[in-house]
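We use all heavy atoms of the structure for the numbers below, so side chains are in, but hydrogens, waters and symmetry mates are not. Whatever order the structure lists ligands and atoms in, that order sets their numbers, starting from 1.
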Amino acid sequence: MATERTFSIIKPDATERNLTGAVNAVIEKAGLRIVAQKRILMNRREAETFYAVHKERPFFGELVDFMISAPVVVQVLEGDNAVVKYREIMGATNPESAAEGTIRKLYAKSIGENSVHGSDSQENAKLEIAQFFSGNEIVG
Ligand code: GDP
Ligand code: MG
């Protein structure tokens with residue numbers, strides 16, 4: 001299996017409840033390494049750009065408001081099969097459907113306030129990482 005990178009966000013509902021370490025404990029236990037990390041307050045334009053693919057969805061406004069409501073932690077994760085592995089340990093978008101032991105099952109509050117983001121493909125991982133990190137901020 002190839003070593004890959006994926007993009008992760010610890011969302012406002014999790015930073016507000018002081019769950020940053022708890023989320024990252026699940027990530028590290030799964031064998032993924034955090035190779036870049038920063039805590040930021042996203043602005044509206046950054047959040048709208050990041051979630052542009054969802055701009056026609058009814059929840060878009062709510063999603064953007066949520067993502068700028070409190071700090072987030074943006075991270076790059078590295079490991080074998082990182083994109084798929086991280087999606088697996090995140091669990092389903094709706095925590096009610098998420099498998100036992102996944103981050104969303106453990107910590108998410110609702111389908112909207114669901115604690116974490118993870119890239120859904122290697123191509124999107126590259127684009128999302130580039131939105132928040134320059135090359136010299138990623139140290140594997
Ligand atoms: P993900 O890839 O599992 O994060 O899910 P999506 O790409 O489908 O959606 C992006 C994000 O939009 C989700 O993680 C949620 O924060 C939010 N979202 C998705 N569906 C809904 C919904 O039905 N209602 C609300 N309020 N938010 C949603
Ligand atoms: Mg998605």
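Scanning the protein for heavy atoms near atom 4 (O) of ligand 1, the closest one is Arg104 NH2, 3.0 Å. The protein atom (non-hydrogen) at minimum distance from atom 13 (C) of ligand 1 is Asn114 ND2, 3.6 Å. Atom 5 (O) of ligand 1 has as its closest protein heavy atom Thr93 OG1, 3.3 Å. In terms of protein heavy-atom proximity, atom 18 (N) of ligand 1 is closest to Phe59 CE1, 3.5 Å. Regarding atom 26 (N) of ligand 1, its nearest protein heavy-atom neighbour is Glu62 OE2, 3.0 Å.
A heavy-atom separation below 4.0 Å is found between Arg87 and ligand 1.
Between His54 and ligand 1, at least one pair of N/O atoms sits closer than 3.5 Å. Remark: ligand 1 and Gly112 share an N or O pair separated by less than 3.5 Å (distance only, no angle test). Considering backbone and side-chain N/O of Arg57, none are found under 3.5 Å from N/O of ligand 1.
Distances below 4.0 Å separate heavy atoms of Leu63 from the following atoms of ligand 1: 12 (O), 16 (O), 17 (C).
The closest heavy-atom contact to atom 15 (C) of ligand 1, among the options Ile111, Val53, Asn94, Asp13, comes from Ile111.
For the 3.5 Å distance criterion, the side chains of Asp13 and Ser115 qualify, holding a donor opposite an acceptor.
Taking the charged nitrogens against the carboxylate oxygens, Arg33 and Glu78 have no contact shorter than 4.0 Å, which rules out a salt bridge.
Linking ILVMFWY side-chain heavy atoms closer than 4.5 Å, directly or via other members, places Phe50 and Val73 in two distinct hydrophobic clusters.
Ring pair Phe59/Tyr51: centre-to-centre distance not below 6.0 Å.
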Report all side-chain donor-acceptor pairs from residues 98-108 shorter than 3.5 Å, counting only partners two or more places apart or in another chain.
{"from": "Thr102", "atom 1": "OG1", "to": "Ala99", "atom 2": "O", "distance (Å)": "2.7"}
{"from": "Thr102", "atom 1": "OG1", "to": "Lys105", "atom 2": "N", "distance (Å)": "3.3"}
{"from": "Arg104", "atom 1": "NE", "to": "Asn114", "atom 2": "O", "distance (Å)": "3.3"}
{"from": "Arg104", "atom 1": "NH1", "to": "Gly91", "atom 2": "O", "distance (Å)": "3.2"}
{"from": "Arg104", "atom 1": "NH2", "to": "Val116", "atom 2": "O", "distance (Å)": "2.8"}

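With contacts defined as side-chain heavy-atom distances shorter than 4.5 Å, the pair Leu41/Ile68 does not qualify.
Note that Lys38 lies outside the cation-pi zone of Phe132, set by a 6.0 Å cut-off to the ring centre and a 45° limit from the axis.
Proximity of Met90 to ligand 1, defined as any heavy-atom pair under 4.0 Å, is not found for any part of the residue.
Among residues at least two apart or in separate chains, there is no salt bridge (Lys or Arg N to Asp or Glu O under 4.0 Å) pair with a member in residues 114-130.
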